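Numbers for residues simply follow the sequence, beginning at 1. Treat the numbers as computed from the prediction; the structure is a model and nothing was measured. Start at 1 and go down the list; that is how both ligands and their atoms are numbered.
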Amino acid sequence: MKKTNQISALYIHIPFCESICNYCDFAKLQYFHNFAESYLIALEKELIQVVDNKELKTIYIGGGTPSSLSDDQFEKLLAMVKPYAQKVIEFTVEANPESLTLSKIKLMKKYHVNRVSIGVESTDDNILIAINRKHTFNDVKSAVKNLRENGIENINLDLIIGLPNVSKNMLMKDIKNILSLNPNHISAYSLTVHEHTKFYLDGIVEPDDDFAFEAYKEINDILQENGYSHYEVSNWAKDGFESKHNLTYWKNERYYGVGLAASGYIGNLRYKNTTNFQDYISFKNEKEEEIVTPKDEKDYEVMLRLRTKYGINLKEFKDKFGVDFYEEHKANIDHFVESKLLKKVDGEIVATFEGMMMLDTIYLAL
Ligand code: SF4
């Protein structure tokens, strides 16, 4: 079993939001000052209990909306994380444009946050209103400007593909608007309609596969032309700005997860914290746990690594699992290479763009 002090990535979940978006299925709740106070107490306790490595390489504070906390609470959060951030290379905080105030940016700078991921979702203000986002595209522009003026240059902008009433042309306009802000990293996720969301109750349907494929393809073409590499199914980055933290997940490496509904992977245990807010703040964190067998670990490795442009390195795979991945799946791999869903280059098996869009088919066969 891997010692926990070899784990170098930490995810922290802040579940509060100023308002609830119509499509959202994340673990989140409306921000109330007192709730957040209680939450931070429980969070600190869990942090101290779980994280025994003070030399983390990546920290990612996500949500929810971490920037929905009051300034005092936001500083309390960053101060409790500080002891773990002494050697951190990449320290990301998620934020919404309307709550990414100058005072919060200055706090981020003070506590060495060096990457900010902003939920943009659409650059059309009417669409933003329709999905119950509380910002405008002008807010995004100001947030990016303020971050840069305060020395935080590593910025991700998030977009959703397949929102209702967004045509492909509108989506392309979104991408151009986003490119005009010159971020280092762009994420584009296809809309999923989950039960219990307003979208579900309103009968909104997910984009069909053809629309999603065409949209991803056009976005990919534009982003590649503009110097962004498609390094994961839904993520593009300029050279050197791939998310180091998220690559921990996709490389099937271990990570701590703390906070409501946070997932972690320690030793041979994958876990998910309670999703019950009252339980969490009462220190009753009943986790869902999955013991990862060597076979499971191998399966995870294949599923996760094929999501990225780095794919499966055959030598590393053999060193880790004692088997030749290519020999084990030769017929299927050759078939997918022929149909241009996989490529075999320099001892690596890598999904092509089309392959990344059809990973379920590949997984089933492998
Ligand atoms: S801001 Fe993010 S986490 Fe909060 S409701 Fe909207 S999508 Fe969900």
Exercise. Nearest protein heavy atom to atom 3 (S) of ligand 1, by residue and atom, and its distance?
Worked result: G64 N, 3.4 Å

Exercise. Do NZ/NE/NH1/NH2 and the carboxylate oxygens of R115 and E94 come within less than 4.0 Å?
Worked result: no

For this session: Find out whether the Lys NZ or Arg CZ of K318 is both under 6.0 angstrom from the six-membered ring centre of F325 and within 45° of the ring's axis.
Result: no

Exercise. Under 6.0 Å between ring centres, would you say that holds for F353 and H230?
Worked result: yes

Exercise. Can a salt bridge be assigned to the pair E297 and K320 using a cut-off of 4.0 Å between side-chain N and carboxylate O?
Worked result: yes

Problem set entry | Geometric cation-pi criterion, R270 with Y300: 6.0 Å, 45° | yes

Exercise. Near atom 6 (Fe) of ligand 1, which protein N/O/S atoms are found at less than 2.8 Å?
Worked result: C21 SG

Exercise. What do you reckon, are the aromatic ring centroids of F277 and F35 less than 6.0 Å apart?
Worked result: yes

